[in-house]
Asks: 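To start, I am sharing the structure in question, which I have written as structure tokens.
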Amino acid sequence: MPSLRVQAAAFPIILVCIVLLVGDLAIASWVPLLLATAVWASIALVLVLSLASLWHAGHLIRPIRQLMPTVDTQGHLEFRSTTTAITPPEELRALSIVIDQIAEKQRRDDQAREKLERVRSEFLGNVSHELRTPIFAVQGFIETLLDGAVDDPAVNRDFLFRARLQAERLNNLLNDLIDISRIESGEMRMSFRMFDLQPFLRDFTNEMQPLARAKNIELYFTGNVLPHHEVNVYADKERVKQVLINLVDNAIKYSENGGSIKIELHNADPTHDELTVRVVDTGVGIAAEHLPRLFERFYRVDKGRARSSPGGTGLGLAIVKHITEAHHGRISVTSEAGKGSAFQFTLRKEPF
């Protein structure tokens with residue numbers, strides 16, 4: 001394909017050649033004696049016009065030629081001239097802006113890809129560590145039993161019980177991994193509908209009573225709304241229940257025998273478009289330095305709190321955060337070591 005300069009100069013030259021050819025044919029038919037002069041004049045005119053057109057085309061495309069090295073090495077356009085100042089056409093200025101925007105988007109995409117790769121590597125490392133612990137524990141128990149402990153009635157049932165607990169922990173971890181993967185990928189479908197939250201929270205509190213009584217913990221529901229007054233929210237019942245199960249289960253785990261857990265419903269302003277649910281416990285509490293990262297996947301708090309835990313998956317609060325955000329709500333925590341914790345999340349009253 002001819003260069004841009006040749007293409008720009010060719011059209012006026014071809015057009016003039018056609019006009020001169022028509023003129024020479026007209027002269028040949030009307031004044032044959034002037035044909036030779038007309039032909040030589042046409043040739044001279046075409047040569048002059050060709051030189052002028054090539055020069056003008058080169059002047060027009062000079063900014064593009066000067067841009068080419070900059071585009072190849074830097075990824076964006078810069079108008080520069082080593083001889084005379086050139087004012088580029090508006091089209092080239094618009095092209096420069098578009099290419100700069102593409103380059104900036106590419107840089108952002110590269111940064112996001114690098115961040116995603118770091119998160120992925122960290123996530124895989126955490127998952128590998130969390131899976132390895134119960135798998136190695138089960139493997140150790142089974143090997144011990146095979147080495148002869150299975151015939152010892154003093155330890156065989158204990159080892160089998162411990163192996164079952166580790167298998168349950170592994171199953172819970174896999175279920176949480178599936179949940180958080182479905183939530184983050186958008187594959188988990190929410191079934192939003194309007195329902196009265198107050199009886200829902202009362203029923204949930206009753207369901208969790210056996211777990212609380214096992215540790216002699218008082219679990220009760222309260223709120224600043226009238227007993228028979230409807231408090232409708234737009235939410236997915238099963239997912240809200242999943243949030244509450246995680247929060248109350250954690251509160252039971254990290255509360256001492258004889259403590260208390262309170263589920264609160266706050267609807268201080270009935271005209272406001274959201275309300276607040278709080279889970280308040282009198283447990284071991286959380287040190288202030290851990291609060292900003294508490295909802296991160298696999299984040300562990302101090303060793304004292306970790307030792308008091310029967311062994312969670314490290315994903316519960318991350319799932320709680322994702323579900324709350326899917327409901328266009330917010331979740332937060334206030335806590336003080338040794339004085340308990342208060343988790344609160346918001347729900348919307350109207351469809352969104």
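Just so it is clear, the structure is predicted and the values come from calculations on it, not from any experiment.
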Asks: Under the criterion side-chain contact (heavy atoms from CB on, under 4.5 Å), which of T346, N232, L347 is the partner of L275?
Replies: L347

Asks: Between Y234 and F192, how do the two ring planes meet: parallel, tilted or perpendicular, split at 30° and 60°?
Replies: parallel

Asks: Distance check, rounded to the nearest 0.5 Å: L291 atom CG versus S341 atom OG?
Replies: 8.0 Å

Asks: So, H266 side chain and R278 main chain: donor-acceptor pair closer than 3.5 Å or not?
Replies: no

Asks: First locate atom OH of Y254, then atom CD1 of I286, and finally report the distance between them rounded to the nearest 0.5 Å.
Replies: 8.5 Å

Asks: Looking at K241 and E207, is any side-chain nitrogen of the basic one under 4.0 Å from a carboxylate oxygen of the acidic one?
Replies: yes

Asks: Which one of T205, D249, V277 satisfies the side-chain contact (heavy atoms from CB on, under 4.5 Å) criterion with L244?
Replies: V277

Asks: Are I245 and V280 linked, directly or through intermediate hydrophobic residues, by side-chain heavy-atom contacts shorter than 4.5 Å (ILVMFWY only)?
Replies: no

Asks: Would a single hydrophobic cluster contain both L170 and F136, if residues Ile, Leu, Val, Met, Phe, Trp and Tyr are joined by side-chain heavy-atom contacts under 4.5 Å?
Replies: yes

Asks: Does one side chain, of Q242 or R239, offer a donor that lies under 3.5 Å from an acceptor on the other?
Replies: yes

Asks: Do the side chains of D110 and R113 get close enough for a salt bridge, i.e. N-O under 4.0 angstrom?
Replies: yes

Asks: So that I can tick it off, tell me whether E274 and R330 are bridged by a salt bridge, with the cut-off set at under 4.0 angstrom between side-chain N and carboxylate O.
Replies: yes

Asks: Nearest 0.5 Å please: distance from the CG atom of N171 over to the CG atom of D176.
Replies: 9.5 Å

Asks: Please answer: with hydrophobic residues joined when any side-chain heavy atoms are less than 4.5 Å apart, are L131 and L315 in the same cluster?
Replies: yes

Asks: Is it the case that K237 places NZ or CZ above or below the six-membered ring of F200, under 6.0 angstrom from the centre and within 45 degrees of the axis?
Replies: no

Asks: Measure the CG-CZ distance between D196 and R202 for me, rounded to the nearest 0.5 Å.
Replies: 8.5 Å

Asks: Less than 4.0 angstrom from a charged side-chain N to a carboxylate O is my criterion; do R107 and E104 meet it?
Replies: yes

